[in-house]
Amino acid sequence: MPGFSGGGVGGGVGGPASAPPRPFRPSRYVPVSAATTFLVGATTLFFCFTCPWLSVYFSSVIPIYIAVIFLFTLANFCMATFMDPGVFPRAEEDEDKEDDFRAPLYKTVEIKGIQVRMKWCSTCRFYRPPRCSHCSVCDNCVEDFDHHCPWVNNCIGRRNYRYFFLFLLSLTTHIMNVFGFGLVYVLHHRQQLDTPHAAVTMAVMCVAGLFFVPVAGLTGFHIVLVARGRTTNEQVTGKFRGGVNPFTNGCWRNISHVLCSSQAPRYMGRWRSPQAVEVQPPFLRPPLTEAQLEAKVLDNGIQNDRHSTRSKSSLDQMESQSADAEPPPPPKPELRYPGLPRADTEESSLLTEAPPTPSMYKYRPTYSSPGRNHTALSHPNKMIRGESLDSPSPSILQSSRQPSYRSEPSSLDGATVVGGGVGVRRGGGERGEGPGGPGGTAVGMSGGMSGHSLTGRSYTSYPSSLVLSTGGSRSSSLRSAHTAHNPLATLQSEGTTDTSYKSLANQTPRNGSLSYDSLLTPSESPEFESAAHELSPQKPRALFPSTTLTGQPEVVSPGSPLQGYTSPFLSAQIAQQREGQLLQGSATFSSPHRAYLRAVSPPPFSSSGPPEIQHLLHHNHDPSSRAFRNPSSSSSSPGARSLEPPVSPPPRGLSLGKSQSYIGEAGPQYKPRPTGGGTVLSGGGAGGGQQAPQSTSRPALANHTTSKPGGGVKKVTGVGGTTYEISV
Amino acid sequence: MQGLVPAATDGNMATEFHNLQELRHSASLANKVFIQRDYSEGTTCRFQTKFPSELESRIERTLFEDTVKTLNNYYAEAEKIGGQSYLEGCLACATAYLIFLCMETRYEKVLKKIAKYIQEQNEKIYAPRGLLITDPIERGMRVIEISIYEDRGSSGSSSGSSSVSGSTAR
């Protein structure tokens, strides 16, 4: 996609108020110019050379009919090109001020009984609503993101999907008209084919015939999508392959929603009426009920404290953390617990309900010695920093970047995923994630450490050490993860991982670096890079020390193209099923993590092998590194894994492939986590049913492992001749 | 920002004004609560009616829930697929979408109603309690933002003294 071409002349368009000006990229306009030229040019020639004869020979209704269809095509083309697809404005600062370091990368919501993951967008600073995706070409989150169409040089989203669809229908009709009537002309002028009129008609017919095949193919594809209530993004990433689509209301309703619903409003560039309401004290207060009075007495003001600490101290803490390389002091209890669902309030309000300590234990793997972290610090620090700068690190980051951090499971996974956390939020690949990635590897390297780190959640194992080591490294999350948050040193890393997620992600440069974006959410990339990205995982993995432990260089199996987006839509049933499996395998606190790890680990090894092979590979590496490998749990993991859909094919929801892409380490494992594995892990770790579905959704993270930046770019032709650039 | 009483300037001559300002309390933004979307029924626009704990002591639960439920009803009405929206679509197609230049879509009409409703709620119910609702459309319809203001007490003490000195000087 031309969009990826770097820098051109700086006089970029200003774009929406919140987006930075983008450099002018002339290559972006080539396809749309070509499309316009062909459409208008060929039709004009047709009207000039063929239509006069048609109107004379048959009737003048024919040119009028062709003109009407052509105008309709043109109108829809213009609407699809110029209409705002449903861009979300960037969230303001106060929407996520406190959660930066503790927020999970994913939040899960239930839609019609199906768990759907909402990912944190580091560029736009909010959790993406369901079906929303971030377009790396346009550098915006788009509602109901379908794809980025190069032929109209615009994203297709909620607001303009209807026009795009009608454009395709009318263009197909127009091409058929032109070709058909041109054929009639040629057949009637067989003896006069050397006249310019006939020659032009034949040329127009050729152009029409050439474009007919891809356009008709794309039209048919979209007719199927509309009938099934899916977006191109979901179809290509295979989100619903193994599960149920929660967004469909039946064929008829889907069609009427596309064609007959009222034009959705735009969010950008709205005129904000100045608030005319004055807020002046004294304020009315509602009378407190008796229960409330009692609660206040017993509360010890903790509730109130939380607010204040959250808003102020956490901010200070974060700031100080980012400032220096030393591990921050343990955070206040209410700050460190990221896992609680934040459904009711925006990131700003912490999970006031969760008692920090017990839940920490519940979710965090035993992190044996803080000392380890410290020792690892020096070494990994360098590694991490260095790594983060290189391209290879992204792979590690990606792997460590487990999607995890969902709100509930996040406590289990996210918290621990220090390394993962690092990767999880789009930390900008090398940048933010770097620390997590290399750190994780460093952890892995140190034998005992690896066992330790790996045990907890797969995420955390790495991240904790990584985080610690990276310490001062950029991601404040690391820092906080490292020590600040938990009074419990062991669990600290996990906790910090959560932060690393969001903070790491937020460290991504705001220019919407494609590399990272594509890495994290390949499916999101407009041109279906996800498919390609998943393939790319190979790259960075090597960096990860864990691979050395496992003895296998990790790779994201290229075979599973659509890993990026393992479908988050896993029915609760399956999730619980998996969870059950996990629970069986994990008796101890750490075991769930192990099981989790286990499920995850195979993927790194076998990029494309079936679960069995992965399992074998997995076991081969057992002695090498995973101290946490637990024979008992291993049994559960294969089982979990087997639940995964085949890795190679585009990942279905919980793509195993994702986990595979993950380099052997525990950290990465979180990401790829095959859906089964994810479920297992979450189930095991959390001991709670809800985790399972969420963990499965995580696999999508695997996509992130694909590193993109600077990687080779492969062009893939999609339906309708659209080409997509996939970084390899 | 709204409703803040401007700090008294130092050394002003109008001591009377300063004295009056002393009596006025100022409100400052203390916190923001975000009501998230309720996606349990798909991507149609609905907000959670769960009462956030931060508002526990600021407003009655029923008032809050009424507000959110009314907003949800408005949005459901805007997104309803029925005769009017279908005719609008046909008309737009027939005029090659030029009709959008002059006509307001159904959704926009409902959004205007919502804006008015929120304004009215703010004036009547929320502002007297030190709260302010922000129209969700400004946040991309992802959250309802409720700003919580705290009473900062009288802000006129310093100005009062200066004004007093000013007055005594005179």
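Below, all heavy atoms of this structure are taken into account, side chains as well, without hydrogens, waters or symmetry copies. Here is how names work: the chains are called A, B, and so on, in the same order as the sequence lines, proteins then strands, and each is numbered from 1. Computed from a predicted structure; not experimentally measured.
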Check your understanding: In terms of heavy-atom proximity below 4.5 Å to chain A, should B/I59 be classed as side chain, backbone, both, or neither?
Key -> backbone
Review point. Where on B/F100 is there a heavy atom nearer than 4.5 Å to chain A: the side chain, the backbone, both, or neither?
Key: side chain
Review point. If you look at every heavy atom in A/H257 and B/I81, which pair is closest and at what distance?
Key: CA-CD1, 3.5 Å
Practice item. Determine whether A/L259 and B/Y86 make a side-chain contact, defined as any pair of heavy atoms from C-beta on separated by less than 4.5 Å. Key: no
Check your understanding: Salt-bridged, B/E79 to A/R158, with N to O below 4.0 Å?
Key -> yes
Check your understanding: So do the side chains of A/D94 and B/F34 get within less than 4.5 Å of each other, counting heavy atoms only?
Key -> yes
Point to revise | Closest-packed option against chain A by number of heavy-atom pairs under 4.5 Å, given B/A78, B/S40, B/A127 | key: B/S40
Check your understanding: Taking the side chain as C-beta and beyond, is there a heavy-atom pair between A/E143 and B/M141 under 4.5 Å?
Key -> no
Revision key, fill the gap. So, the part of A/N249 with a heavy atom under 4.5 Å from chain B: the answer is neither
Check your understanding: Any idea which of B/Y126, B/Y107, B/Y97 has the most non-hydrogen atom pairs under 4.5 angstrom with chain A?
Key -> B/Y97
Practice item. Using the side chain to side chain contact (heavy atoms under 4.5 Å, CB included) rule, take B/C93 and A/L166 through it: C-alpha gap first, then chi angles, then the decisive distance, then the call. Key: CA-CA 10 Å; B/C93 275; A/L166 291 174; 4.1 Å; yes
Exercise for review: Kindly indicate whether the side chain of A/M118, heavy atoms from C-beta on, has any atom under 4.5 Å from the side chain of B/Q36.
Suggested key: no
Check your understanding: Quick one: what part of B/L131 sits under 4.5 Å from any heavy atom of chain A, side chain, backbone, both or neither?
Key -> backbone
Check your understanding: Got A/R285 and B/R129 here, is their nearest side-chain heavy-atom distance under 4.5 Å?
Key -> no
**Study point:** Side chain, backbone, both or neither of B/E123 within contact of chain A (heavy atoms, under 4.5 Å)
**Key:** both
Review point. Relative to chain B, which of A/R266, A/R253, A/R162, A/Q263 shows the most heavy atom pairs under 4.5 Å?
Key: A/Q263
Exercise for review: State, yes or no, whether a side-chain contact exists between B/R142 and A/F88 at a heavy-atom distance under 4.5 Å.
Suggested key: yes
Review point. Are any of the side-chain heavy atoms of A/V116 and B/Y39 separated by less than 4.5 Å?
Key: no
Point to revise | Winner by heavy-atom pair count (cut-off under 4.5 Å) against chain B, out of A/N76, A/D144, A/L71 | key: A/N76
**Study point:** Flag side-chain contact, heavy atom, 4.5 Å: B/R139 against A/P89
**Key:** no
Review point. Between CZ of B/R106 and OG of A/S261, what distance do you get to the nearest 0.5 Å?
Key: 11.0 Å
Study note, to complete from the structure: Closest non-hydrogen atoms of B/I137 and A/P265, given as atom of the first, atom of the second and distance, are CD1-CG, 4.1 Å
**Study point:** Verdict with reasoning, B/E108 to A/R270, per salt bridge (Lys or Arg N to Asp or Glu O under 4.0 Å)
**Key:** CA-CA 11 Å; B/E108 290 286 341; A/R270 285 193 86 86; 3.2 Å; yes
